Amino acid sequence: QEKTEFRVAWSIYVGWMPWGYLDDSGIMDKWAEKYGIDVEIVQINDYVESINQYTAGAFDGVTATNMDTLSIPSGGGVDTTALIVGDFSNGNDAVILKGEGGLADLAGKPVNLVELSVSHYLLARALDSAGLSEADLAGVINTSDADMIAAYATDDVQAVVTWNPLVSAIMEEPGANKLFDSSDIPGEIIDLMVVNTETLAANPDFGKALVGAWYEVMGLMAAGDEAVLTEMAEASGTDLDGYKSQLASTQMFYDPAEAVAFTQGAELPSTMVTVAEFLFDKGILGEGAPSADFVGISYPDGSTTGDANNVTFRFDTTYMQMAADGAL
Amino acid sequence: MSFVTVDNVFQSYGTRPILERVSVEVKEGEFISIVGASGCGKSTFLRLLLAQETPSRGEIRVAGQPPAREPGLDRGVVFQKYSVFPHMTVRENVVAGESLRRPWGRFFGKEKVEARKRADETLARIGLDHVADAYPATLSGGMQQRLAIGQALAARPRILLLDEPFGALDPGTRLSMHDFLQDLRRDTGMTVFMVTHDLSEGFKLGDRVLVFDKPRWDPHDPNAYGATITYDFDARNGGIPYQTIEEDTHVLRPA
Amino acid sequence: MSFVTVDNVFQSYGTRPILERVSVEVKEGEFISIVGASGCGKSTFLRLLLAQETPSRGEIRVAGQPPAREPGLDRGVVFQKYSVFPHMTVRENVVAGESLRRPWGRFFGKEKVEARKRADETLARIGLDHVADAYPATLSGGMQQRLAIGQALAARPRILLLDEPFGALDPGTRLSMHDFLQDLRRDTGMTVFMVTHDLSEGFKLGDRVLVFDKPRWDPHDPNAYGATITYDFDARNGGIPYQTIEEDTHVLRPA
Amino acid sequence: MRWINRRPGAALAAFLALVPFALALAAYMIGSDMRLAVNPSDKLLPAPSSIVDTALRLFTEPDRRSGRILLWHDTLASLQRLALGVGISAGLATAFGLLIGLLPHVRATLAGFVGVLSMIPPLAVLPILFIVFGLGELSKVVLIVIGILPFLIRDLSQRVLEIPREMIVKAETLGASTSVIALRVALPQLMPRLLQAVRLSLGPAWLFLIAAEAIASDQGLGYRIFLVRRYLAMDVILTYVAWITLLAVIMDLALRALSRRAFRWTETAL
Amino acid sequence: MRWINRRPGAALAAFLALVPFALALAAYMIGSDMRLAVNPSDKLLPAPSSIVDTALRLFTEPDRRSGRILLWHDTLASLQRLALGVGISAGLATAFGLLIGLLPHVRATLAGFVGVLSMIPPLAVLPILFIVFGLGELSKVVLIVIGILPFLIRDLSQRVLEIPREMIVKAETLGASTSVIALRVALPQLMPRLLQAVRLSLGPAWLFLIAAEAIASDQGLGYRIFLVRRYLAMDVILTYVAWITLLAVIMDLALRALSRRAFRWTETAL
Ligand SMILES: Nc1ncnc2c1ncn2[C@@H]1O[C@H](COP(=O)(O)OP(=O)(O)OP(=O)(O)O)[C@@H](O)[C@H]1O
Ligand SMILES: Nc1ncnc2c1ncn2[C@@H]1O[C@H](COP(=O)(O)OP(=O)(O)OP(=O)(O)O)[C@@H](O)[C@H]1O
Ligand SMILES: [Mg+2]
Ligand SMILES: [Mg+2]
């Protein structure tokens, strides 16, 4: 239904820091005013909680990865549209071993990671590439991201999978050995701004305002505006250099046209199928899910993967295209 | 004419009988002392008089009214402990004797001023005017009990029930409390029931002394039977019956 | 020859004097009753005798020994409450009278069997053999105090201190406890100090009755001075001094 | 008659006791119905029937991957940690409670320190715990200990101080040394209070257990709840929460029964 | 002389009280030195001097972005939530405590329910709380309330039940109705217990506040700790922990002083 007040949640992560900036700087308000609506941007510390809140209907949009969008809101029957494809991880996520060795040496070792997260997915892909499976490990130990660095410092921990800024902090420790990172599977871990499909359909202005504000900040970042970057760096708890190094391993789509091209690319459907299979294998798609194809995903060209009668995850380039065309 | 009528009252807790066949008639204005061995049911009898409990059988009527179902304004009470409100000053405690019956439990405005004046008169009479603004905890045991009696009287009950009111006081204080109580009685002519452990106290103050004891006794099960009134002495004639009783005190000894 | 010597003892709490210039000599085997108004320092005096507290000035010697610094085996004590161990059975309480001085507080093996036998004898003597395996909480007040005294005696102290041992008992039980205590004394010939609120009890049991009171009195500050021994009666001659004393009881009345 | 003097009969009391539970259930069912009407695959408030299905499955069906029934496995792991944490705390608290309560020197030394320790929010110092105690079982047990020990020590030392001085003096006159007083007089009287304090601290103990399991673990009730939160499996979460609540209630009742059994001497006369 | 009878003098007592703090500090300094010797940029146990530097900075230097001194800002936000949560709980607990303690019918209805509620681990139902109460200030306050209210209700209703029956009977004989008994007799006597119960529940209240702020917030002491925990900025964390501890100690002392002031009637005679 139509409305004029919207709430969007975001959590702290390299590629999502612009959401904090466009709220603080007033850019969001400017764009919202332009379309005669009101958008509240809410920062939530706990990433999973932000997605849960969105799924429960407390927010109209949320920042999430492609994988978590598929498993939580889409798996939970909330029809969700990927409004903005902001970046993909290009080294931001990594498998790190304490000491010398390669992927094969993970066999028989416990691995600490946030279970069922993109880290878990990355590990599965890494093991795949080395011809191993999770069963070859001594186990995966669910470890909160907030405590990953402290955990790494203990003797119990031999290998971790995690994301930035934790990766850069851990790599500073002597002996940290990066075995595999997301640059080895480019384009598979995608950071999105997803919104409720019905809300978006009823309120196109909401989509326009969000996209417009986002790409204004993208422009500033692309231009290397240090004041902007510094503010983002500090909001994420690090400094300019730290933030820049994180950005280096993030494939940001500063230009909406690039995002459109990526979303329309032929790789995306096969990536999503791999992700769905991973989720099904872990039992995340729920007990009602008879197969990995339970949830349908549609793509900009109208094609779908999974159950075409149960499409709840839509990649839609309409609004990014408008930004690319300067039509906002 | 009988003012308080106790008619064939039984009381048990669970299956255990405490009181059996208790019947007694009391005239208005009489002072009844109640004595008996520890645990024989004296306090229970007082609770029944107070209507705090309902007897298992039989009934208790006051002034011919139907039996009361809960404690109320017509019966005042003073226990050995906890008979004044610790969070109120001495004066507030006396005012509470009149004000608690009000919807908010308080007086307001002019009424309040008047109630305080009446309270101060009562305090002067019971000799507590010099500590009117103190809290009860700072008073000696004797002063606390004096206050408790003053507070109970401020509500103008028709019957006053006292459960070992002087049990925790030392002998000197006790004697002065006797004088105090006798004076008050002279002034008000109230009907009083007083439980005491001290026979001489009972005879000194009472018009009648009721002795509670178990008339039947099962040596294998001491709790099989309840107590009843085994003696009802006329005690008006000073200390004389006390001498007579002395020979009978074995009924007061615990088995 | 003096067995217990109290020599010019003062005791204050903070700046408040409780006892002043207390001196008294007691022969071995004497029974000393101590009376006085509530709060005048009777229990304090007993604590000093017990060496639970050290006097601010003066000293207390027993059998010519240097003043004790803490309670020990030579002084037994019974308080009004809390004088038996609630978590031990009646028999264990009596055994504890002998065993607590051991390194582990227990007897083992043969010693244990013997101690139990001795305890059962004591229990028979104090009339508690039928409840040997009960816990104190299930006993009446009188039986608890009898046990407390039995336990104290099991340790064979040279002096026995009693602080209102019968204060919480009803008159019947009290009388039988008097008999009990008098029997015990005849058997053991112990030196006893007993604080009581009941003058007649003091005179009945004691060889001497010490009266504590404040000899000086400041009407503006009732706490300015401490109490001392104002009378030291010879009470051996039955109840006769009691009659004499009656006229003096005003010293026992609280101000 | 005043309401204060009216007592419900046994039948009415039983009925009244059920009312709030029935109301809570009804409120849940209405909420769940409303959400499911809008989105039939809503995960937030699953229908009671589907919770029951899930619960049955969790309690009986082995996990596909490991072949173990995870719920029992998690329960065992958590109870073990809880028992260890609470047991160690109770032991330490008894020792420290006796020392602080009985010995003025120890009291002067430790009372203030324990008071300040009890004010430190344990969750905030987790990283240090990890380093010192590792990430294994030990750190979870230690978090529980750190979480409840200061409270237990404060409570128990207070209880020791409340033992009537008369009783300790009596023991002294029977020749008891400090250690005999501690072992034979104070300790037995402390035991019922210990059970009571343990009952009180089980709530916080569960809390810290869940927090510890949420942070680094591969089994346990708290682990599972926080894991399935990742896909909002409220049916699983609710089952686990109900199960934890049931366990907590059972433990509480068991401790109460134990306390009545073991310490008959605390019962007063008829 | 037995140790049980030996008392330290005032000077010795003061010294002894400092000993454990000094030992703790020394242990920290040694640990820190050891780690820093191996890795000079170790973050886990920063040198005390660098903690002091950080603390000074946190307390005095405004944040560049917002121009506010974050620590004061966080403190204000957290204290507000804490005060609201504890205040609301205290109010509700007083009302329910009076009702449950005085009225047999309410007791029959609610006592069991509150008992079961108090066994539910609040952290496990966090997601539901956030959905029902939103993510604003309300949900943080509500988590505190849910965390401590059942305990407070149980404690206070117990205290009401402990009011000597004699006193209530006395009020009845003075003609007091149920509501007058509640307001004029039970309530004033409950107040000192309420303050005491609030003191006891401040610890859990802090815990829940920190947990709530860790999940959804953009200011507050707990938020900051969790934010910087990702970078293991132990200097900041330790400063915040020390600050929280100090605040908790001050609150505890203040409540104790208030209780002594406000309820002079609880003091016994000289
Ligand atoms: N509410 C109750 N439930 C069960 N038993 C009770 C109850 N109240 C009292 N009793 C028992 O009833 C008996 C009589 O008690 P009551 O208090 O009337 O005795 P009493 O004569 O006043 O004794 P005392 O002189 O010690 O005050 C006692 O054995 C007591 O244990
Ligand atoms: N440890 C203490 N610190 C301060 N004052 C004390 C202490 N112990 C007792 N007092 C005070 O000393 C005075 C004497 O107390 P004590 O107990 O010796 O009196 P008592 O004669 O035994 O009175 P009672 O007949 O009531 O037992 C009392 O006013 C009491 O308040
Ligand atoms: Mg009685
Ligand atoms: Mg005394």
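So you know, we letter chains A, B, ... as the sequences are listed, proteins then strands, and number each from 1. The structure displayed is predicted, hence computed values, not measured ones.
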Trainee: Side chains of Gln189(E) and Pro86(B): does their closest heavy-atom pair fall under 4.5 Å?
Mentor: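 Gln189(E) vs Pro86(B): side chains touch.
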Trainee: Tell me whether Arg101(B) contacts the main-chain N or O of Ala176(E) through its side chain, where contact means a donor paired with an acceptor under 3.5 Å.
Mentor: no
Trainee: To check you understand the geometry: which heavy-atom pair defines the closest contact between Leu183(E) and Trp104(B), and what is its length?
Mentor: CD1-CZ3, 3.7 Å
Trainee: Can you say whether Ala51(B) sits under 4.5 Å from chain E via the side chain, the backbone, both, or neither, judging by heavy atoms?
Mentor: neither
Trainee: Which atoms form the tightest heavy-atom contact between Leu73(B) and Gly175(E), and what is the distance?
Mentor: CG-CA, 3.7 Å
Trainee: Can you see which heavy atom on Thr173(E) is nearest to which on Pro71(B), and at what distance?
Mentor: CG2-CB, 4.1 Å
Trainee: Closest approach of Ala96(B) and Leu174(E), non-hydrogen atoms and distance?
Mentor: O-CD1, 4.1 Å
Trainee: Once rounded to the nearest 0.5 Å, what's the spacing between atom OH of Tyr82(B) and atom CD1 of Ile163(E)?
Mentor: 12.0 Å
Trainee: Check Ser179(E) against Pro103(B) and note the closest heavy-atom contact, atom names and distance.
Mentor: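 Scanning both residues completely, I find the closest heavy atoms to be OG-O, 4.4 Å.
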Trainee: Does any heavy atom of chain E fall under 4.5 Å from the side chain of Ser99(B), the backbone, both, or neither of them?
Mentor: side chain
Trainee: Can you say whether Ala134(B) sits under 4.5 Å from chain E via the side chain, the backbone, both, or neither, judging by heavy atoms?
Mentor: neither
Trainee: Most heavy-atom pairs under 4.5 angstrom with chain E, which of Leu50(B), Val78(B), Thr89(B), Val77(B)?
Mentor: Val77(B)
Trainee: Which residues satisfy the side-chain contact (heavy atoms from CB on, under 4.5 Å) test with Leu18(E), sequence neighbours excluded?
Mentor: none
Trainee: Does Arg165(E) have more than 12 heavy atoms from other residues, nucleotides or ligands lying within 6.0 Å of its CZ?
Mentor: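 More than 12 within 6.0 Å, yes.
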Trainee: When you measure from the side chain of Lys170(E) to the backbone of Val84(B), do you find a donor-acceptor pair of N or O atoms at a distance under 3.5 Å?
Mentor: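 Not confirmed, Lys170(E) side chain does not pair with Val84(B) backbone.
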Trainee: Tell me, side chain or backbone of Leu161(B) under 4.5 Å from chain E's heavy atoms, or both, or neither?
Mentor: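 When you check distances to chain E, no heavy atom of Leu161(B) falls under 4.5 Å.
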Trainee: Could you check whether atom CZ of Phe96(E) has more than 12 heavy atoms from other residues, nucleotides or ligands sitting under 6.0 Å from it?
Mentor: no
Trainee: For chain B, find which of Ala171(E), Ser177(E), Pro192(E) contributes the most heavy-atom pairs closer than 4.5 angstrom.
Mentor: Ala171(E)
Trainee: Based on non-hydrogen pairs under 4.5 Å, which of Arg106(B), Glu70(B), Arg75(B) is most in contact with chain E?
Mentor: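 With the most close heavy-atom pairs to chain E, the winner is Arg106(B).
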Trainee: Check whether Glu98(B) gets within reach of chain E through its side chain, its backbone, both or neither, counting any heavy atom under 4.5 Å.
Mentor: neither
Trainee: Kindly determine whether Glu166(E) and Gln80(B) satisfy side chain to side chain contact (heavy atoms under 4.5 Å, CB included), including the steps that lead there.
Mentor: CA-CA 9 Å; Glu166(E) 285 92 333; Gln80(B) 182 170 345; over 6 Å; no
Trainee: Are more than 12 heavy atoms, taken from residues, nucleotides or ligands other than Phe15(E), located less than 6.0 Å from that residue's CZ atom?
Mentor: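 Open.
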Trainee: Please name all residues satisfying ring pair (Phe, Tyr, Trp, His ring centres under 6.0 Å) with His87(B), sequence neighbours left out, ordered by chain then number.
Mentor: Trp265(E)
Trainee: Report yes if the side chains of Leu100(B) and Arg184(E) come closer than 4.5 Å at any heavy-atom pair, otherwise no.
Mentor: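 Yes; the side chains approach each other to less than 4.5 Å.
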Trainee: Inspect the surroundings of CZ in Arg156(B) and state if more than 12 heavy atoms from other residues, nucleotides or ligands are less than 6.0 Å away.
Mentor: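 No, because the 6.0 Å sphere around CZ of Arg156(B) holds 12 heavy atoms or fewer from other groups.
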Trainee: Is any side-chain heavy atom of Gln52(B) less than 4.5 Å from a side-chain heavy atom of Glu172(E)?
Mentor: no
